[in-house]
Number of protein chains: 2
Amino acid sequence: MYPVERLGIKMAFENLSEREQKVLACLISHYISSADPVGSRAIANKYRLGISPATIRNTMQDLEELGLVLQPHTSAGRVPTDAGYRLFVDRLLGSEEITDSERKTIEEGISSHYGGVDAILGQTSRVLAELSNQLGITISPKMDNSVLSRIELMQLADSKVLVVLAFHSGLARTILVEVEATIGLHDLINMSQVLNEKLAGLTLGHIRKTIQERLANTTGSPRLLRFFIDNESDVWNNLAMDQLHIEGAENLVVKPEFSDKEKLQEIIRLINSPIGLIEDIRGIDSPDSGIVITIGAENKAQEIQSCSVVSASYEAGNTRGTIGVIGPTRMPYAKLASLVKTAARQLSRVLKTGRQ
Amino acid sequence: MYPVERLGIKMAFENLSEREQKVLACLISHYISSADPVGSRAIANKYRLGISPATIRNTMQDLEELGLVLQPHTSAGRVPTDAGYRLFVDRLLGSEEITDSERKTIEEGISSHYGGVDAILGQTSRVLAELSNQLGITISPKMDNSVLSRIELMQLADSKVLVVLAFHSGLARTILVEVEATIGLHDLINMSQVLNEKLAGLTLGHIRKTIQERLANTTGSPRLLRFFIDNESDVWNNLAMDQLHIEGAENLVVKPEFSDKEKLQEIIRLINSPIGLIEDIRGIDSPDSGIVITIGAENKAQEIQSCSVVSASYEAGNTRGTIGVIGPTRMPYAKLASLVKTAARQLSRVLKTGRQ
DNA sequence: TTTGTCACTCATTGGCAGAGAGTGCCAATA
DNA sequence: TATTGGCACTCTCTGCCAATGAGTGACAAA
């Protein structure tokens, strides 16, 4: 309640006895695979800690007072709380290397693709979902920091112009614009050149803010220019929206945490229109590109407050993106951490070597 | 079993008495909204047919002998069979107009978008899912029949070339190709021009078959040419693969037909990698662009044999695509038929008027 | 041919007892 | 003083049984 008390609890976290740590670790390990409340006897039998169930019971009572575990009901075993997972992840988590076959799947799955960065990200989220048995997510390189490398205009049949924007990060986006009439080839090339001169080399964020002045005295197709300049068309804001790929909904269906249909429906709805989720996950980027784990209620998005997110960032040109997995808080953190880390590294490598 | 018998049953279908038709129609209507086996009393009470429950029971026995309904167990009401739905759809289906608000949603949801045809199709499947409360699906215009309107090469940083292909149907696709080194601007323009001369105006199917001869004596970047010509790179086959958008998985979660988790998982897996589904749904295109309904086991794909598909085709340039909804056989066919029909019309209109 | 009635079937529900898992507490122990 | 074994207690889960109720099939009457 009061800061002082919270501090007290914090101190207790630090001062957990060896035994309490061990019991907590065993309990969580066991719970992660069983999904059932863990009793003292189960721990005593499965892990040879050299202490009796009665002692474990006493220890578990202490852990419960610290808010690290809880009992669903009086005569049940214990289940970790968010705080328990937090402590486990921060201080008790061993490293668990991925297998050779998993590494191979990552290297083969996350590889150059003529579909470009978008296709690679799609594949990455599929690989993450498959290997983690959770939701696999990828967020495109932060568009606002992406440097526009080229902009090209292409006349289609009728009165349509296809605008192709290529970014240093390797991303390419196309936009279809309706213009007044067929623009002459010469005019189009001319306009392309001017646009490149005025916009190429700038970040999208920069372009968004200064587009009006930059294109103020430009000549060319009025409708095309208006499309670029008018706030109403909202092109630049839309371009700046990062893309999110989520795969693996089928993995959640069979998890006991989602046996409640309402809950399952809610999260599937979130997957299909993940508005807001991007900022939430991005917000937890670590500066040193390490693994970031947010647990349960630590997540801002309402819908995933009983889930955890294991994420890492990757490099793409001069900007970064984020990948990760989402699943119930009961997840194999150590394993997923090394999975996500390996995948992020592989993704950075693929995007860097230009093998894409 | 034998053709003769099948014919017998067919004849019986044709010769259903007025009363049998009415009872079947009532039974199906009721079952569609209740999802519970329908008893004779329920029909007698809800629909004023002027006959007693006992008579209805007799009629239902006849319908069961014809294979149009069945009893899950002895003391239960009746449930329609695939054949029952088939007959209902073919001969008893009234038309049910969509509401004004639904029409409005369709017209606003399926509208021009600077994301091009792909974005419009994505929106269409979302609108279909939302209004139908089932899965909404769209299949891109048949690529093999799509006429290539322009092909453009664009030098990116490093040794990458972005190939942009625009089709008459309004679709645009980009491909990233790794080349030996930076190609001079002049060479690139030159190559673009040659490619356009040799390929523009042809269907993708035509290009696939004749690409080797067509580009045989072309000069330009060897790696780029090899990419286009080599069977190994498989570009053209991949380009020819139609895109499928499916939305609305959240709608299925709460349907009693998918209370079995295995079943739900199976269909969500299908949604995420719908290999084969495209051909199945395409295969049922009607020539006259009307509504096509396939029921239960009529579907080829194993995973949707307890589902029905309501589909219609739309026009895009000089080729066609398909849209529709998928859901359990227990679906409001009349309503969905007019929904899909309206959506297909709107989609054709949007793609035609060049407002995209 | 239609209808009312009656016996019969079968899924569902609620109550209840017993089993089992697990705890908290306490006294004995090392 | 920390640990342990024992024991009473709590709570869930399962199976069983009877009652309920929806629905049918069959048959005789209208």
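What's counted below: heavy atoms across the whole structure, side chains too, no hydrogens, waters or symmetry copies.
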Check for a donor-acceptor pair, side chain of B/Asp90 on one end and backbone N or O of B/Leu87 on the other, with a separation under 3.5 Å. no

B/Ile56 CD1 - C/dT3 C1' separation (whole Å): 12 Å

Would you confirm whether B/Thr81, through its side chain, and B/Gly67, through its main-chain N or O, come within 3.5 Å as a donor-acceptor pair? yes

Heavy-atom neighbours of B/Lys255 NZ exceed 12 at 6.0 Å: yes

Counting N and O atoms only, with roles assigned by atom type, does the side chain of A/Glu250 sit under 3.5 Å from a partner on the main chain of B/Ile268, one being a donor and the other an acceptor? no

Output the rounded distance in Å from NZ (A/Lys22) to C1' (D/dT3). 16 Å

What I'd like to find out is whether the side chain of A/Gln134 reaches to under 4.5 Å of the side chain of A/Asn251, using heavy atoms alone. no

Does the A/Asp260 side chain pair with the main chain of A/Glu262, one donor and one acceptor, at a distance under 3.5 Å? yes

Distance in angstrom units between A/Ile51 CD1 and C/dA30 P, rounded: 19 Å

Note: A/Glu298-A/Arg86 ion pair, threshold 4.0 Å (strictly below): yes

Nucleic acid footprint by protein, nucleotides 21-26 of chain D - heavy-atom cut-off 4.0 Å, B for base, S for sugar-phosphate alone: -BSBBB

Can a donor-acceptor pair be found, under 3.5 Å and without considering hydrogens, that links the side chain of B/Thr329 to the backbone of B/Ile295? no

Could you identify which residues of residues 27-35 of chain B place a heavy atom less than 4.0 Å from some atom of DNA chain C, listed by residue number, or say none? none

D/dT3 C1' sits how many Å from A/Leu49 CG, rounded? 14 Å

Figure out the NZ/P separation between A/Lys46 and C/dG22, and round it to whole Å. 13 Å

Flag for B/Ser29-B/Tyr47: side-chain donor and acceptor within less than 3.5 Å: no

Quick one, B/Leu277 and B/Ile304 - any side-chain contact, counting heavy atoms below 4.5 Å? yes

B/Ile326 CD1 to B/Leu128 CG distance, which is reported to the nearest 0.5 Å: 11.0 Å

What string of B, S and - do you get for nucleotides 13-19 of chain C 5' to 3' if you count protein non-hydrogen atoms under 4.0 Å? -------

